[in-house]
Amino acid sequence: LAEADKRPPIVTEGWLLRAYCDLATERQNGGLIPITKIWDYADRYGLGELFIAQIQQLDRDHVARMEDASKQKTNNRTRN
């Protein structure tokens with residue numbers, strides 16, 4: 001592997017969000033990111049359990065917000 005592929009860029013504080021955005025492309029049918037994809041990413045870049053927990057929390061929060069927004073949109077349609 002090239003040096004750039006061995007670790008995600010950690011130069012800026014946004015590296016975790018960039019990792020999350022990369023992993024979000026693995027999402028299927030709007031559900032959660034498969035844990036196996038998170039594990040693969042963590043293994044590839046030598047990241048530990050804290051990284052996995054942070055990504056899972058970001059993902060749960062994102063999915064919950066999307067579900068809430070969808071429900072609110074549906075409720076607004078039924079009121080009109």
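Starting from 1, each residue takes its place in the sequence as its number. Any value given below was found using the heavy atoms of this structure, including those in side chains, with hydrogens, waters and symmetry copies removed.
Atom CD of Gln57 is surrounded by more than 12 heavy atoms from other residues, nucleotides or ligands within 6.0 Å.
Residues Glu26 and Tyr41 are not in side-chain contact: their nearest non-hydrogen atoms beyond the backbone lie 4.5 Å or more apart. Inter-residue side-chain proximity for Leu32 and Gln56 is flagged as unmet; no heavy-atom pair is nearer than 4.5 Å.
At a cut-off of 3.5 Å, with distance as the only test, no side-chain donor of Gln72 or Asp68 sits close to an acceptor on the other residue.
Trp39 and Ile52 make their closest contact through CD1-CD1, 3.7 Å (heavy atoms, listed as atom of the first residue, atom of the second, distance).
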Ile55 vs Leu16, test: side-chain contact (heavy atoms from CB on, under 4.5 Å). Steps then yes/no. CA-CA 8 Å; Ile55 292 295; Leu16 184 65; 3.9 Å; yes

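In this structure Arg27 satisfies the salt bridge (charged side-chain N to carboxylate O under 4.0 Å, His left out) test together with Asp59, sequence neighbours excluded.
The aromatic rings of His62 and Tyr20 sit perpendicular to each other, their planes meeting at more than 60°, with 30° as the lower class boundary.
Only one option out of Leu17, Ile33, Val63 pairs with Leu58 in a side-chain contact (heavy atoms from CB on, under 4.5 Å); it is Leu17.
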